[in-house]
Amino acid sequence: MTLVLRMLPPTLRDVRRPQRMVGRNVVAYRRQWLIIFSGFFEPLFYLLSMRVGLGDLIGTVKVGGRAVPYDEFVAPALMAASAMNGAVYDSTMNVYFKMKWAHIYDAALATPMSAGDVAVGEISWALIRGQIYAVGFLCVMWGLGLVGSPWVLLALPCCALIGLAFASVGFAVTTFMRGLSDFELVPTATMPMFLFSATFFPLSSYGSWAWLAQLSPLYHGVALVRAANAGVFTLSSIGHVAVLCAIASVAMTVAARRLGRLLLY
Amino acid sequence: MAMTTPGPVRVAFWHAAVFKRLWVTNVLASIIQPLLYLLGLGVGVGSLVNRTSRATDVLGGVSYVAYISPALMVTTAMALASTESLWPIMSGFIWKRSYHGIAATPLGAGDIVGGHALWMAARCVVAAGAVAFVLAFFPEARDWGLIPGVPVAALTGIAFAMPLMAFSILRKNDVGFAAMNRFVIIPLFLFGGAFYPISQLPTWTQVIVKFLPLWHGVELARAFTVGDIGGSASLGHVVVLLCWTIGGSVLSYRFMRRRLYV
Amino acid sequence: MSQPLVSARGLVKRYGDFVAVDDIDFDVERGEAFGFLGPNGAGKSTTMRMIGCVSPPSAGTLQLFGMEAATQGRQIRARLGVVPQLDTLDTELSVMENLVVYGRYFDIPRAECRRRAKELLEFVQLSDRADSVVDNLSGGMKRRLSITRSLINEPDLLLLDEPTTGLDPQARHVLWDRLYRLKHDGVTLIITTHYMDEAEQLCDRLVVMDGGRIVASGSPRSLIEEHSSREVLELRFTLDGEVDRGSDITGIGERIEVLPDRTLVYADDGEAALAAVHARGVQPISSLVRRSSLEDVFLHLTGRTLVD
């Protein structure tokens with residue numbers, strides 16, 4: 001166990017009370033719950049639009065040998081995407097704002113809290129926010145009759161993993177940002193991922209370009225959630241989990257190392 | 001006798017000067033974004049749509065890419081109009097206070113409003129032109145009818161920009177902007193007739209959509225490529241777009257005067 | 001002989017090629033109010049950050065409460081209160097929420113946080129604003145809240161970086177009064193400031209910093225006695241410079257300092273010096289006799305004034 005701990009960067013080893021950062025965010029968002037609530041609507045609108053508009057035009061899509069109606073095909077992908085978006089916002093713009101303008105982290109670091117506490121706490125919060133959206137979306141799916149199997153409950157831990165991966169990457173990316181305009185790069189990355197992770201059309205439609213979709217971290221999340229909804233898990237599901245775990249650990253290491261340098265100059 | 005530049009044009013020059021620093025990223029974004037949507041939704045989803053006979057009936061026999069191409073020009077203009085007519089307007093009063101600076105010169109509220117309209121039209125022409133340029137690379141989308149689509153997109157752009165400007169002038173903080181984006185612009189983008197005919201939607205939704213500018217711009221642009229341009233329907237679309245533009249401009253002018261000359 | 005609360009030897013802080021703090025030594029005794037006086041850029045804030053165990057020193061040793069700052073930062077910070085130069089209050093939260101969230105960083109139970117917060121808000125006279133969002137408070141109130149927050153963990157040592165910069169005179173006096181009471185209650189204070197009246201009023205001992213080094217140390221009185229005279233005569237002359245302001249009055253008083261806008265004559269008896277000036281036939285436009293201050297100490301040591 002100590003061997004594993006020793007492989008972590010020093011910042012991550014010095015973690016004692018990360019939940020205090022989560023506590024701070026809960027208190028702050030209690031006033032602004034409307035912001036969290038409204039973020040829930042975008043994937044919902046996408047789902048409704050696809051269902052009402054395109055569902056009729058497309059009919060069914062073949063997934064894993066089964067033919068599912070289009071909205072049931074798209075729904076798990078949108079759930080994964082909403083977990084991604086929930087995690088990304090709270091690990092990029094918001095973090096930069098707290099660090100450079102609001103000096104939230106400076107205040108915490110003057111107390112027994114360490115840089116590791118801050119990093120782990122903030123990533124946890126981004127993850128929690130992603131999960132809130134995932135749970136909400138799952139309820140909507142259930143209400144619209146788009147749930148394929150009781151295994152869909154496993155989609156929630158899958159979304160937690162997606163949230164963890166993207167929160168870590170978001171945090172790591174933010175430590176490299178030098179100014180507000182750099183943040184325009186974030187949608188430049190999330191938008192293509194959103195469109196091209198087998199979200200709106202299956203991998204088979206890509207033809208020889210299928211490998212491109214598999215490069216997207218979101219694709220692995222989408223595939224996992226879709227498998228959960230269908231209740232069909234294969235060896236490739238383990239592969240998807242492994243990819244997301246690898247991304248999360250690399251990103252967290254980078255973030256932890258750089259965060260220490262940024263906050264404790 | 002020297003010819004003086006009209007006030008709105010002078011304000012538009014100011015916008016251009018600010019833009020000079022950012023034009024590269026902006027133009028790149030206005031090419032790349034519609035390209036991505038074209039590939040993602042047009043080609044990708046299109047492959048699913050084109051197989052079914054139901055789609056052929058509803059879309060009138062055209063491929064999905066050809067169906068959404070003109071709409072992409074118009075939605076790009078709408079997105080641009082909303083980005084430029086929400087936060088930056090408030091910035092002109094509160095953060096950068098640029099409008100107060102202009103008001104101290106011989107220029108007035110009317111010039112600022114007119115300048116915004118002129119500048120938005122110019123940017124929409126460039127953005128829609130860039131989209132048309134990208135579309136020309138796709139055989140299914142390539143069509144001379146895309147060219148008149150550029151002024152249509154510009155008209156739709158200012159049909160959004162002016163009412164949004166009036167909305168923004170009244171704001172004291174930026175809370176309403178996120179709501180406007182989330183609950184008006186994005187739903188319109190999804191349900192406004194760009195990606196499928198609005199006949200697919202329930203009647204009450206169709207009524208709301210027909211009231212707003214996007215559907216009119218999309219249908220008008222589509223009429224030049226896959227539809228039929230003659231007839232009263234096209235004229236009706238133009239009238240609605242003009243109503244939104246003029247109505248928005250009048251309100252913007254009134255609110256601007258009230259806020260500047262306190 | 002009790003050990004000093006804070007002890008630094010050979011402390012250095014480098015940012016790349018720039019040396020912000022250049023080999024300083026100091027001790028702070030328990031229960032005293034200790035000051036770092038100097039102009040902007042002298043290295044005071046950097047030193048404070050090192051004492052606060054937030055910035056690692058580049059070289060030298062630093063000990064607080066008998067613990068090493070380099071390795072036991074977390075335990076040390078648990079016993080410190082920090083009031084930074086620029087408020088780091090959470091503007092999204094209310095006054096009470098700020099105090100409770102900060103208290104939780106110290107692992108203080110929530111109910112205890114609330115109890116202490118209520119007491120402290122009374123101490124700084126902010127009880128009626130407990131539920132206001134911080135954004136709506138004035139500058140003086142925000143500073144009082146910062147001080148309140150720094151006391152939530154009942155610290156043994158309070159670090160205040162430029163506590164009254166930017167405040168109006170009345171707010172400054174309210175703050176000084178609160179700090180006196182804290183000192184009276186046994187809290188050790190370390191203060192940085194570039195206001196000499198603040199240093200003279202609050203500090204038992206202080207060091208004068210310039211360009212990252214300590215140029216003098218001692219109590220305010222001893223510093224004045226050592227580096228300045230008891231009184232100062234300030235003379236202003238006409239602008240046409242007929243009078244060579246320095247040489248015409250050489251020999252009067254202990255020392256003469258020629259500044260851009262006035263000439264200072266350091267003497268134990270200012271009125272006598274003024275009489276001597278007039279006796280030489282020199283006619284200044286205006287004259288002023290005042291007591292010596294730390295500003296004069298700084299001027300003597302570095303040739304510059306405290307406020308640029």
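Keep in mind that this is a model prediction, so the values were computed, not measured. All values below were derived from every heavy atom in this structure, side-chain atoms included, with hydrogens, water molecules and symmetry-related copies excluded. Order of the sequence lines fixes the chain letters, A, B, ..., with proteins taken first and strands second; residue numbering starts at 1 for each chain.
Put simply, the side chain of C/Arg74 reaches to within 4.5 Å of the side chain of A/Asp117, judged on heavy atoms. No side-chain heavy atom of C/Tyr105 sits under 4.5 Å from any side-chain heavy atom of A/Pro112.
Residue contact with chain A, scored on non-hydrogen atoms closer than 4.5 Å, involves the backbone and the side chain of C/Ser94 alike. Residue contact with chain A, scored on non-hydrogen atoms closer than 4.5 Å, involves the side chain of C/Val133 exclusively. For C/Leu86, no part lies near chain A; criterion is any non-hydrogen pair under 4.5 Å. Contacts between A/Arg30 and chain C at a heavy-atom distance below 4.5 Å involve the side chain alone, from C-beta outward.
Across all their heavy atoms, A/Leu109 and C/Val54 have their closest contact at O-CG2, 3.9 Å.
Rounding to the nearest 0.5 Å gives a distance of 9.5 Å between OG1 of A/Thr111 and CZ of C/Arg149. The CZ atom of A/Arg24 sits 14.0 Å away from atom OH of C/Tyr102, with the distance rounded to the nearest 0.5 Å. A/Ile104 CD1 to C/Leu93 CG: the interatomic distance, rounded to the nearest 0.5 Å, is 7.0 Å.
Contact tally against chain C (heavy-atom pairs below 4.5 Å) for A/Gln19, A/Arg16, A/Met113, A/Arg20: the top residue is A/Arg20. When the candidates C/Asp107, C/Val82, C/Val101 are compared by the number of heavy-atom contacts under 4.5 Å with chain A, C/Asp107 comes out ahead. Among C/Thr88, C/Val100, C/Asn153, the residue with the largest count of heavy-atom pairs under 4.5 Å with chain A is C/Thr88.
For CZ of C/Arg178, the number of neighbouring non-hydrogen atoms (other residues, nucleotides, ligands) closer than 6.0 Å is greater than 12. Around CZ of A/Phe37, the count of heavy atoms belonging to other residues, nucleotides or ligands within 6.0 Å does not exceed 12.
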